Protein chains: 2
Amino acid sequence: MITLTEENYIKAIYHLGKQGEETVNTNAIADSLKTKASSVTDMLKKLSEKKYAHYIKYQGVILTENGKKIAISIIRKHRLWEVFLVEKLNFTWDEVHEVAEDLEHIQSEKLINELDAFLEHPTHDPHGDPIPDKDGNFKQIEKILLSQAVVNNKYQCVGVKDTSSSFLKYLDANKIALGTEVTILHKEPFDQSIKIELNNNTITVSQNVAKNLFLKTV
Amino acid sequence: MITLTEENYIKAIYHLGKQGEETVNTNAIADSLKTKASSVTDMLKKLSEKKYAHYIKYQGVILTENGKKIAISIIRKHRLWEVFLVEKLNFTWDEVHEVAEDLEHIQSEKLINELDAFLEHPTHDPHGDPIPDKDGNFKQIEKILLSQAVVNNKYQCVGVKDTSSSFLKYLDANKIALGTEVTILHKEPFDQSIKIELNNNTITVSQNVAKNLFLKTV
DNA sequence: ATATAAATTTAGATTAATCTAAATTTATTG
DNA sequence: CAATAAATTTAGATTAATCTAAATTTATAT
Ligand SMILES: [Mn+2]
Ligand SMILES: [Mn+2]
Ligand SMILES: [Mn+2]
Ligand SMILES: [Mn+2]
């Protein structure tokens, strides 16, 4: 039996280690889960014991194949619930995260597969992140950060890196949504701010914004 | 902060004590939650401490007004999720209970009220039990057990007392669903079995069945 | 290469929930 | 109404998850 806490650690290790590819440090996990390094050490021993991860003292941790599968299944649930909340229950994209954080731990194969069908097998969640299918398969669409975009080129918004409520509300206020098309007008060398055109309007966004908005070429 | 375990105890006390009206014994709770009496005693002290219940050593426990409110809110969530699973996700009425047992603990006012609206404010769950509204109000429809029905009278099935999978599957197999009309043909004094007519068919059901099927006069 | 800093682990407690076995209280019954 | 039975509580452990403070290991920087 896997506990809710173990699931949260596994998911954190997966995300911090670039989809489970890289080794992750104790402190990184502690920061991410808002817990203490000593608590993390205890849990890493347990995850290792249970064969969810390979852990070497002082060297870091990486998920096993099984651990990766579990992580992907939790992420699938998290993102499907987010779609449900936005599409069916009138949640905004900045409201879904906390609730999905709990819903992702509900254990029922049938529940999640029926939810997937009910939502008509969505491929991306409200933040543009891909949703793994029943077998754990998914592909990242190729995307770049606005900060890496080229002047005069045209792009489409396809995702956010920061999913904090404040950033998402900023985007809402500036009418930047997934699917919105943007043209790069000017990149200011002084402060890395970027002038863009969208919805027949011209706005300037800070470097901070530019580093958290994903685009694809169109 | 209320824990999942506290919520399960509060719900059990509510149900065992006729909607929180009567005092409940330690052993009854232990049986209902499949735990030991000594564990129950510990939790009753805690619930009392937290003002969710009045507990007197050796005398039993009863919910406070606040405890009752919490119980009703959990039951509301449980039943709304059951409706969702059956109406939207193709669950059968014998499959919903365990999942709802977990979903009922998800904490989000918005989630449950939007779910309620999405389901168009259902008044009863798949087993015929009433769903409390946002303010905790609900009314039991007047219903009797099939075992108390009168020969020659006509009734409509409106609920089940036993919600076990085996009983619900028995009802399915015999085409007895909520809404089905039944006429009482004969009550056998020897074994309390009852001959009934439904769907233009005549069947005989055992006392055990008769004591777990709710009817209303039509 | 040695000292200092940073990261990590260990030691020892704490809290929630559970259990078994023993002690106590309440109920039943001859 | 005593004595036996049943119900309940207490005592003492255990497991999961967490914490603080101390010890240890690894990294960095003269
Ligand atoms: Mn979570
Ligand atoms: Mn998301
Ligand atoms: Mn429950
Ligand atoms: Mn029900």
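This one's a predicted model, so the numbers in the text were calculated from it and none came from an experiment. Chain naming here is simple, since letters A, B, ... match the order of the sequence lines and numbering starts at 1 in each.
- Each side chain to side chain donor-acceptor pair (under 3.5 Å) pair with one or both residues in residues 120-137 of chain A, not counting sequence neighbours, appears once here: E82(A)-H127(A), D116(A)-H121(A).
- Using a 4.0 Å cutoff on non-hydrogen atoms, the parts of residues 7-29 of chain A near DNA chain C are N25(A), T26(A), N27(A), ordered by number.
- Annotation: side chain of F214(B) is not in contact with side chain of I141(B) (no heavy-atom distance under 4.5 Å).
- Rounded to a whole Å, the NZ atom of K45(B) is 15 Å from the P atom of dT18(C).
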Close N/O contacts between protein and nucleotides 1-6 of chain C (under 3.5 Å):
none

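- Rounding to the nearest 0.5 Å places OG of S39(B) at 5.5 Å from OH of Y9(B).
- The partner of dA23(C) is dT8(D), judged by Watson-Crick or G-U wobble contacts that both fall below 3.5 Å.
- By the 30° and 60° cut-offs, the orientation of the rings of F84(A) relative to F84(B) is tilted.
- A straight line from CG of D42(B) to P of dT8(D) spans 15 Å, rounded to a whole angstrom.
- Checked for salt-bridge contact, K51(A) and E65(A) miss the test: no charged N lies under 4.0 Å from a carboxylate O.
- The stretch residues 32-39 of chain B comes close to DNA chain D through A37(B), S38(B), each having a heavy atom under 4.0 Å from the strand.
- Comment: K68(B) engages E21(B) in a salt bridge, judged by a side-chain N to carboxylate O separation of less than 4.0 angstrom.
- Listed by residue number, Y55(B), K57(B), Y58(B) are the residues of residues 55-63 of chain B with a heavy-atom contact under 4.0 Å to DNA chain D.
- One atom, CG of L47(A), and another, P of dA16(D), lie 13 Å apart when rounded to the nearest Å.
- Using a 4.0 Å cut-off between charged side-chain N and carboxylate O, K110(A) and E95(B) make a salt bridge.
- Atom CD of E6(A) and atom C1' of dT18(D) are 14 Å apart (whole Å).
- For T5(B), there are no side chain to side chain donor-acceptor pair (under 3.5 Å) partners two or more places apart in sequence or in a different chain.
- Nearest heavy-atom pair, G20(B) versus I62(B), reported as atom, atom and distance to 0.1 Å: O-CG1, 3.6 Å.
- When the C1' atom of dT15(C) is taken as reference, atom CE of M43(B) falls 12 Å away, rounded to whole Å.
- Using modelled atom types, one finds a donor on one side chain and an acceptor on the other under 3.5 Å when comparing E7(B) with Q107(B).
- With salt bridges taken as basic N to acidic carboxylate O contacts below 4.0 Å, one links E6(A) and K50(A).
- Going from atom CE of M1(A) over to atom P of dT15(D) covers 19 Å, rounded to whole Å.
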* Just do the salt bridge (Lys or Arg N to Asp or Glu O under 4.0 Å) check on K88(A) and E114(B) with the steps written out, would you? => CA-CA 9 Å; K88(A) 307 292 183 183; E114(B) 289 287 347; over 6 Å; no
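- The CG atom of L215(B) lies 5.0 Å from the CG atom of L213(B); values are rounded to the nearest 0.5 Å.
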